[in-house]
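Before any comments, here is the structure.
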Amino acid sequence: MKKVHSFELNAVPPYSFDLTVHKPAGWWWATPYEIYEADVLWTAMRIRENLIGLKLESLGAPMKPRIGCHVYSESEPREELKGEAQRSIRRALRTDEDLNPFYEMALKDDILRDVVQDLRGMRTQGWQDLFPALILVVTLQMAPMRRSSHMMDLLLRSFGDRISFEGREVTYWPSPSKIARTDEKDLWNVAKLGYRARNLKSIADELVGGFPTMEELSEMPYEEAKGRLMTLRGIGDYSADLVIGRMGIPLDVWSAKIFHVLFFSKVPESPRESIPELRRVATQRWGEWASHAFVYILNDLPRISQRIGFDLTKF
DNA sequence: GCGTCCAGGTCTACC
DNA sequence: GGTAGACCTGGACGC
């Protein structure tokens with residue numbers, strides 16, 4: 001692949017490129033196989049079936065943020081595609097978001113006060129591509145983290161795409177059309193998806209048939225975007241919130257244990273049943289910033305554990 | 001070594 | 001409109 005397009009982005013300070021694309025909890029920005037070295041991210045992205053390589057680099061500092069973006073492709077892309085790539089990257093890096101109101105609120109909150117100091121400038125997850133986000137949430141369902149990672153890894157290695165540019169190799173998620181063409185039995189046996197194979201194939205079919213893109217969903221009001229996602233087979237309340245990454249709080253059994261300890265100083269007897277109550281408390285406490293609080297806390301568990309004298313990383 | 005339980009939810013059948 | 005029960009797989013745990 002050769003370099004076909006370059007541009008720079010400014011961001012609303014404070015902005016931490018490092019914490020945004022390389023989350024402390026270990027989450028990737030676009031694919032688990034991307035490469036992050038010294039403030040430079042080598043990754044990939046798919047725009048309407050076109051797979052492109054990306055090199056994103058921090059050129060500034062948290063209070064004077066600038067990000068250099070370089071696009072790589074096998075052939076010269078159309079201007080329209082360049083524009084779409086630019087908008088998606090900008091949205092997924094969340095450079096236009098102003099976190100200062102969140103920080104003002106957090107400084108008055110006993111749980112968040114130190115957390116926002118630890119992770120100052122970190123943006124929450126901004127999916128650049130819809131299908132990978134849906135693959136993630138489908139594989140997260142009813143499985144321990146190790147098994148979810150195994151399923152995702154098998155999907156990437158068996159059905160994903162590999163690209164090379166500037167001496168780096170990145171493996172990216174399969175396209176919806178590739179999964180739509182794949183036999184459900186192969187998803188079951190090769191990627192070990194189990195009952196999720198049917199759901200993922202159905203989702204891929206819907207996307208191929210003309211479902212809103214991540215870009216289009218991001219422009220819809222929260223409730224409308226969530227409603228559209230929940231029409232997909234296997235996507236419920238939790239998964240839709242995780243994909244949208246805006247106002248919702250995607251509490252699951254794992255995070256319910258953590259938030260129960262933080263709010264009530266004890267492990268819940270039934271984590272699943274405690275979710276509605278935890279959601280109510282979180283919304284009341286953090287209002288419109290609840291989803292930010294959620295992501296910040298889950299990315300700062302080791303330091304919170306030290307401060308409260310309870311190991312939240314053991315769940 | 002073997003059986004049981006349950007996990008970073010969702011769908012369906014049944015009331 | 002609300003809610004048990006089923007669902008793949010595989011690691012952890014008790015015996």
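Below, chain A is the first sequence line, B the second, and so on; all start at residue 1.
- Atom-to-atom, CE of Met142(A) to P of dG10(C) comes out at 15 Å; the value is rounded to the nearest Å.
- If you take atom C1' in dC6(B) and the same atom in dC7(C), they sit 13 Å apart, rounded to whole Å.
- Residue side chain Arg272(A) reaches the base of dG9(B) through a donor-acceptor N/O pair under 3.5 Å, judged by distance alone.
- For the contact set between residues 292-306 of chain A and DNA chain C, defined by any heavy atom under 4.0 Å, there are no members.
- dC8(C) atom C1' lies 16 Å from atom CE of Met152(A), rounded to whole Å.
- One P atom belongs to dA6(C), the other to dT4(B), and the distance between them is 16 Å to the nearest Å.
- To the nearest angstrom, P of dG9(B) lies 18 Å from CD1 of Ile135(A).
- Taking OH of Tyr103(A) as the reference point, atom CZ of Arg120(A) lies at 6.0 Å (rounded to 0.5 Å).
- Taking the charged nitrogens against the carboxylate oxygens, Arg168(A) and Glu34(A) have no contact shorter than 4.0 Å, which rules out a salt bridge.
- Rounded to a whole angstrom, the distance from the P atom of dC5(B) to that of dG5(C) is 14 Å.
- When heavy atoms are screened at a 4.0 angstrom cut-off, Asn199(A) is found touching no nucleic acid atom at all.
- Nearest-nucleotide positions on DNA chain C place Met151(A) closer to the 5' end than the other of Met151(A) and Arg146(A).
- A close approach under 4.0 Å does occur between a side-chain nitrogen or oxygen of Ser239(A) and OP1 or OP2 of dT10(B).
- In DNA chain C, consecutive stretches of 3 or more Watson-Crick or G-U wobble pairs with both distances under 3.5 Å are given as paired ranges: B:1-7 with C:9-15, B:9-15 with C:1-7.
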Glu277(A)/Arg280(A) under salt bridge (Lys or Arg N to Asp or Glu O under 4.0 Å): CA gap, chis, key distance, verdict: CA-CA 5 Å; Glu277(A) 168 71 354; Arg280(A) 193 185 61 72; 3.2 Å; yes

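- The CG atom of Leu134(A) sits 16 Å away from the P atom of dG9(B) (whole-angstrom rounding).
- Where Ser148(A) and Met230(A) each meet DNA chain B at their nearest nucleotide, the meeting point lying more 5' is that of Ser148(A).
- Each of Arg123(A), Arg90(A), Arg91(A) was checked for a salt bridge (Lys or Arg N to Asp or Glu O under 4.0 Å) with Glu97(A), and the lone residue meeting it is Arg123(A).
- For the pair Arg147(A) CZ and dT9(C) C1', the interatomic distance rounds to 4 Å; values are reported in whole Å.
- Between the side chain of Arg233(A) and the base of dC11(B), no donor-acceptor pair under 3.5 Å is found.
- For the P atom pair drawn from dC2(B) and dC8(C), the interatomic distance equals 25 Å after rounding to whole Å.
- For an aromatic pair to be called close, the ring centres must be under 6.0 Å apart, and Tyr238(A) with Trp254(A) fails this.
- To the nearest angstrom, P of dC6(B) lies 17 Å from CG of Asp252(A).
- Between Arg196(A) and dC11(B) there is no side-chain N or O to OP1 or OP2 distance below 4.0 Å.
- Residue-level contact check: Leu251(A) touches neither bases nor backbone, having no heavy atom under 4.0 Å from any strand.
- Heavy atoms of Leu187(A) sit nowhere under 4.0 angstrom from any nucleic acid atom.
- Leu187(A) and Tyr195(A) fall into different hydrophobic clusters, defined by Ile, Leu, Val, Met, Phe, Trp and Tyr side-chain heavy atoms under 4.5 Å apart, directly or through other members.
- How far CH2 of Trp289(A) is from CG of Leu99(A): 6.0 Å, rounded to the nearest 0.5 Å.
- Side-chain contact, Thr20(A) with Arg94(A): no donor N or O sits under 3.5 Å from an acceptor N or O.
- Distance check: Arg48(A) CZ to Leu81(A) CG gives 8.5 Å after rounding to the nearest 0.5 Å.
- The CH2-P distance, from Trp27(A) to dG8(B), rounds to 11 Å in whole Å.
- Note: Tyr172(A) OH to Met45(A) CE = 7.0 Å, rounded to the nearest 0.5 Å.
- Regarding Ile235(A), its CD1 atom lies at a distance of 14 Å from the C1' atom of dG8(B), rounded to whole Å.
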Before giving the answer on salt bridge (Lys or Arg N to Asp or Glu O under 4.0 Å), spell out for Asp114(A) and Arg307(A) the whole-Å C-alpha distance, their side-chain angles and the decisive distance to 0.1 Å. CA-CA 9 Å; Asp114(A) 296 320; Arg307(A) 288 194 285 265; 3.6 Å; yes

